[in-house]
Structure formats: structure tokens, C-alpha cells
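Working notes, structure below.
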Amino acid sequence: MRGSISYDDKIILSLDHPILDIRMVSIKLVGDKRIKRALSKLSDLANKSSDPLELIAICKALKQIDSDEAIDIIGRIKQKNNKIVNDYIDEIMS
């Protein structure tokens, strides 16, 4: 019997990877595939991260998912007051 974990679930699980480059690929895939089930994981990741590139990638993925919850998470990321990230958020939300 093969494992029954879906590809989307593997992507979501890889958001916890300790290596940033792997998380970045996973974040991009979540956005490209618009995986709504990943929203809570993206929110957790955004809360923990202080890396501007990671936060921008998360915002981009959230914008691609484009649900009310995703937009709320972008708003919470903006409250971190990182100028680089906030400039990017202003750009994608205008």
C-alpha cells in the first residue's frame, strides 16, 4: 500500500522545513496552486519570520490565494512594520 498523503499536503508539510530555500519553494508552490488549506501554516510562518524575502514570498502567495483570510494575514504581516515588506504589500494591494 502506498502512502496516502496528497501532493498538496506534502507541500504544506514542507513549509515547516528548517532550510529557508526549501520553505521558499514551498511558499511559491502554495501560491501557484492556491492551496487554501495552507493559510494557517502561512500565518504561523509569517508570525515567526523576520526575513524580508520570506515575508514577501508569503505575501505573494497570500495574494495569489486571494481569500478574505489571506488578505487579513497580509494585514497582520504589515503590522510588523518592515519597510521593505510594507512597500511590497502597498504595491500588490493597490
Side-chain angles (χ1 to χ4, degrees):
M1 184 177 119
R2 283 188 45 211
S4 59
I5 186 163
S6 73
Y7 183 62
D8 285 2
D9 287 336
K10 287 179 184 176
I11 295 169
I12 292 168
L13 286 171
S14 67
L15 292 170
D16 285 327
H17 202 281
I19 298 173
L20 175 62
D21 289 351
I22 293 174
R23 285 198 312 272
M24 293 291 279
V25 170
S26 304
I27 293 164
K28 181 177 183 335
L29 286 168
V30 164
D32 290 348
K33 292 173 69 45
R34 293 176 174 80
I35 305 173
K36 280 196 167 122
R37 283 177 310 172
L39 285 173
S40 67
K41 187 72 79 175
L42 286 177
S43 179
D44 292 345
L45 204 53
N47 288 336
K48 287 186 246 175
S49 180
S50 58
D51 183 300
L53 293 177
E54 186 173 30
L55 290 168
I56 285 170
I58 292 168
C59 289
K60 183 175 182 183
L62 290 166
K63 181 68 175 152
Q64 286 176 291
I65 294 169
D66 201 28
S67 68
D68 289 344
E69 185 182 354
I71 301 307
D72 287 345
I73 297 167
I74 292 173
R76 289 201 298 276
I77 292 171
K78 190 160 184 176
Q79 292 170 357
K80 286 181 169 256
N81 286 323
N82 180 308
K83 177 164 178 25
I84 297 165
V85 176
N86 286 357
D87 287 350
Y88 177 77
I89 291 171
D90 291 342
E91 191 179 305
I92 64 170
M93 299 307 281
S94 61

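Just so you know, residue 1 is the first one in the sequence shown, and it goes up from there.
Contact detail for E54 and S49: the closest heavy-atom pair is OE1-OG, 2.7 Å. Heavy-atom minimum distance, S43 versus R76: OG-NH2, 3.1 Å.
The 12-atom threshold is not exceeded at CD1 of I84, counting heavy atoms of other residues, nucleotides or ligands nearer than 6.0 Å. Applying the 6.0 Å contact sphere to NZ of K36 captures no more than 12 heavy atoms from other residues, nucleotides or ligands.
I22 and L53 fall into different hydrophobic clusters, defined by Ile, Leu, Val, Met, Phe, Trp and Tyr side-chain heavy atoms under 4.5 Å apart, directly or through other members.
Once rounded to the nearest 0.5 Å, the distance linking CZ of R23 with CG of D51 reads 8.0 Å. Here the CG atom belonging to L55 is positioned 7.5 Å from the OG atom belonging to S50, to the nearest 0.5 angstrom.
For the side-chain hydrogen bond (donor to acceptor under 3.5 Å, both in side chains) test, no residue two or more places apart in sequence or in another chain qualifies with R34. Residues passing the side chain to side chain contact (heavy atoms under 4.5 Å, CB included) test with L15 are S26, I27, V30, A38, K41, L42, L45, sequence neighbours excluded. Scanning for side chain to side chain contact (heavy atoms under 4.5 Å, CB included) contacts around L13 gives I5, with sequence neighbours left out. Applying the side chain to side chain contact (heavy atoms under 4.5 Å, CB included) criterion to S6, with sequence neighbours excluded, gives D8, D9, R37.
Side chains of Y7 and I35 form no contact here, defined as non-hydrogen atoms less than 4.5 Å apart. With a 4.5 Å cut-off on side-chain heavy atoms, L62 and I77 count as touching.
Residue pairs meeting the side chain to side chain donor-acceptor pair (under 3.5 Å) criterion with at least one partner in residues 56-68, sequence neighbours excluded, are D32-Q64. The side chain to side chain donor-acceptor pair (under 3.5 Å) contacts involving residues 84-94 comprise K78-D90, K83-D87, where partners must be two or more places apart or lie in separate chains.
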